[in-house]
Each structure stands twice: as C-alpha cells, then as structure tokens.
Amino acid sequence: MKNLLFVLFACALCFTPLQIEAWGDKGHALVAEVAFKQLDKKTRKLVLSYLDGMSIEEAANWMDVIKKDPAFDALKPLHYANFEKGTIVKDSCCDNIIYTLTTTLSKLKNYHSLTKAELKTQLCYLFHLMGDVHQPLHLGYASDKGGNSYKVQFNGKGTNLHGLFDYGIIESEGITLKQCLKATKYSDQEKNELSKGGVVQWATESRNYLGLLYATNGTEISENYTQTNATLIKNQIQKAGIRLAALLKSIFQEV
C-alpha cells in the first residue's frame, strides 16, 4: 500500500496542476518565503533545482492541494497529532505529523540515496509539515478534532477555531512577508539557538500556545483576540521559516 501511495505521489508531483488554494495557502507560502530569506544563494539554487520546476510556495502547499484527490486520503493524518489535555507531546508510530516529519528529516539527511522523485517528495513534506507543526491546533485535542469542531463567529460569519488560525486571521489582517520577517528581532546567535532541538520540542512549544487560542470568551471573536493572535501567527510563521532554513542548510551544507 505504501509503495502504491508513493507511486501515486510521485506521479502527481509531475502531472497535478498546482493551483494553490486556500496554516492555509498564504501561511504556508509565507513560511517558505521566510526560510528562503535566510538562505545563501547557493542553497536556494540547490533547493530549487531539486524541486524541479516547482516554486517554494507550491512545494509548501502541495500536501494540502492533494487533499481533494481521494487517492491520497491515507496521507491526511500526516498533517497533525492530537493529544488530550494533560498529556505530553511524544513521537509515536506512524500516521501523524511528528513521526512523519522526523522520518522525512532522516531521509533527507541521506538524500544522496533518494531518487529524483523521492527527493522532491520529501522536500514537499518538509516545507509543508514545518508550517503545520508551528500551527498550535495541529497539535490539538482529539475531543474537538484540533479545533475543527469548535465553532466561532468571525467577522459576522460562522467558522471554526482551526480554520480561523489556518487562514481566517491571516487573510483578515492581511499578514505579509515583511511583517513576519520583522515579527521578532533575532540576532544570528538567537536564530541558531531557536533552530536547536527537534520536532518533539517544536511541537511541544506550539502546543503550549493552545490556552491562548482557546481564550475566546464565547463564540464571538473580538478585535482584541484577533490582534493578539495575529501577533502569535506572525511569530510562529517567522520561527517556522527560520527553522526550515536551518534544516535546509544542514541537509545540503556539504554540497
């Protein structure tokens, strides 16, 4: 089954029209763009060559684009890992974001052993899942499906908490690349420290923000709530991009 999925995945990378749709498409694109701002010219060129004609924005969103194809339904659980309140984040096999991202990093560290199609696939995983692991509700509670069944009213329309953070606030506030790059002023040393740790640590850090996300004081989302969490979103996108850049540098540094 896994071999069949990979064949479908590789074929789709070649032939699926990458019309990016509605973190949402903009959030993932911003993570990729922040990362590329941190990279040297040589590493950027290498990554683009391995993406083989796919832009970084397309790579960052590809795992969401394929959700519409039933052939890839088995990949849907790879975007998240749910843990109930009072439990800790941990790595466990197999169909969840933590295990998948950890495995992806392991494969990319030995990328010379991958085929061209496999390398492109793993880069798409990396670009996308580094964004998802910094969206706190992707490490949410199973009881409300990571905020998907937590209903709220935002700008006069019904939505859910997960959607609010995937794209609602980003679109409403018009969050830009410039804002994300300037969200927090990090020194080079601080960026290096920020990039240490690993998937479980980053997931735990994201999950620690859930209290802030659930502090809605009812179902009507206020302007104060929106502003507070827009700041959080910009910070999380910035951190995801910095860490993604550090991983890409580490993977391809010997080239």
Across all chains, not counting sequence neighbours, the salt bridge (charged side-chain N to carboxylate O under 4.0 Å, His left out) partners of Glu193 are Lys196
Given the rule that I, L, V, M, F, W and Y join up when any side-chain heavy atoms are under 4.5 Å apart, are Tyr80 and Phe127 in one cluster? no
Please determine, by modelled atom types, if Thr104 and Gln122 share a side-chain donor-acceptor pair under 3.5 angstrom. yes
Taking atom types as modelled, find out whether Asn155 and Ser172 have a side-chain donor-acceptor pair closer than 3.5 angstrom. yes
Would you list the pairs meeting ring pair (Phe, Tyr, Trp, His ring centres under 6.0 Å) in which at least one residue belongs to residues 207-233, sequence neighbours left out? Tyr141-Tyr214, Tyr150-Tyr214
Salt-bridge criterion met for Lys239 and Glu190 (N-O under 4.0 Å): no
Under the salt bridge (charged side-chain N to carboxylate O under 4.0 Å, His left out) test, which residues partner Lys116, sequence neighbours left out? Asp52
Main-chain N/O of Ile233 paired with Gln236 side-chain donor or acceptor, under 3.5 Å: no
What I want to check is whether the side chains of Thr184 and Asn235 have a donor and an acceptor closer together than 3.5 Å. yes
I'd like to know whether Trp62 forms a side chain to side chain contact (heavy atoms under 4.5 Å, CB included) with His128, so could you lay out the CA-CA distance, the side-chain angles of the two residues, the decisive distance to 0.1 Å, and finally the verdict. CA-CA 7 Å; Trp62 196 82; His128 187 83; over 6 Å; no
Closest non-hydrogen atom pair between Phe154 and Thr159, with its separation: CB-CG2, 4.0 Å
Crowding at CG, Asp188 (>12 non-hydrogen neighbours, <6.0 Å): no
Rounded to the nearest 0.5 angstrom, the OG-CD distance for Ser206 and Gln135 is 8.5 Å
Looking only at atom types and distance, does a side-chain atom of Asp95 sit under 3.5 Å from a main-chain N or O of Pro77, one as donor and one as acceptor? no
Closest non-hydrogen atom pair, Ile66 against Leu75: CD1-CD1, 3.8 Å
Can you give me the closest heavy-atom contact between Thr100 and Cys94, atom names plus distance? OG1-O, 3.9 Å
Do you know the tightest heavy-atom contact between Ala245 and Ala35? CB-O, 3.4 Å
I'd like to know whether NZ of Lys37 has more than 12 heavy-atom contacts from other residues, nucleotides or ligands below 6.0 angstrom. no
If only side-chain N and O atoms count, and only distance matters, is there a donor-acceptor pair under 3.5 Å linking Glu173 with Gln227? yes
Passes side chain to side chain contact (heavy atoms under 4.5 Å, CB included), Asn160 versus Val152? Steps please. CA-CA 5 Å; Asn160 61 70; Val152 294; 5.7 Å; no
Looking at CD1 of Ile237 and CG of Leu30, how far apart are the two atoms once the value is rounded to the nearest 0.5 Å? 5.0 Å
What's the shortest heavy-atom distance between Met54 and Cys124, and which atoms? SD-SG, 3.6 Å
Please check: side-chain N/O of Arg243 versus main-chain N/O of Leu194, any donor-acceptor pairing under 3.5 Å? yes
Would you kindly confirm whether Tyr186 and Trp202 end up in one hydrophobic cluster when ILVMFWY residues are joined by side chain heavy atoms under 4.5 Å apart? no
Short side-chain to backbone donor-acceptor contact, Asn229 and Leu232, under 3.5 Å: no
Roughly how far, to the nearest 0.5 Å, is the CD1 atom of Ile88 from the CZ atom of Phe83? 9.0 Å
Counting only heavy atoms not in Gln189, do more than 12 sit closer than 6.0 Å to its CD atom? no
Are Lys191 and Gln38 linked by a side-chain donor-acceptor pair shorter than 3.5 Å? yes
Evaluate the side chain to side chain contact (heavy atoms under 4.5 Å, CB included) criterion for residues Leu126 and Ile251: first the C-alpha distance (whole Å), next the side-chain angles of each, then the deciding distance (0.1 Å), finally the verdict. CA-CA 12 Å; Leu126 178 64; Ile251 291 164; 4.2 Å; yes
Under 3.5 Å, is there a donor-acceptor pair between the side chain of His138 and the main chain of His134? no
Is the side chain of Asn148 donor-acceptor paired with the backbone N or O of Lys145 at a distance under 3.5 Å, no angle test? yes
Going by heavy atoms in the side chains, are Thr121 and Leu114 under 4.5 Å from each other? no
Distance alone, cut at 3.5 Å: any donor-acceptor contact between the side chains of Ser113 and Asn110? no
What's the verdict on side chain to side chain contact (heavy atoms under 4.5 Å, CB included) for Leu119 and Leu108, showing C-alpha distance, side-chain angles and the deciding distance? CA-CA 7 Å; Leu119 176 52; Leu108 284 171; 3.6 Å; yes
Give a yes-or-no answer on whether the side chains of His79 and Asp132 include a donor-acceptor pair shorter than 3.5 Å. yes
Under 4.5 Å between any side-chain heavy atoms of Asn217 and Ser222, yes or no? no
So CE of Met130 and CD1 of Ile242: to nearest 0.5 Å the spacing works out to 10.5 Å
When rounded to the nearest 0.5 angstrom, what distance separates CD1 in Ile98 from CG in Leu78? 12.5 Å
Leu213 CG to His162 NE2 distance, which is reported to the nearest 0.5 Å: 10.5 Å
Can you tell me if Ser149 uses its side chain to pair, donor with acceptor, with the backbone of Asp144 under 3.5 Å? yes
Donor-acceptor check, side chain of Gln238 to backbone of Leu181, threshold 3.5 angstrom: yes or no? yes
Exam field: side chain Thr204 to backbone Val200, donor-acceptor pair closer than 3.5 Å: yes
Counting neighbours of NZ on Lys45 that are heavy atoms of other residues, nucleotides or ligands and sit closer than 6.0 Å, is the number greater than 12? no
Cluster overlap Leu101 with Tyr99, hydrophobic side-chain contacts below 4.5 Å: no
Examine distances only and state if a side-chain atom of Arg207 and a backbone atom of Gly140 form a donor-acceptor pair shorter than 3.5 Å. yes
Shortest non-hydrogen contact from Leu248 toward Leu123: CD2-CD2, 4.0 Å
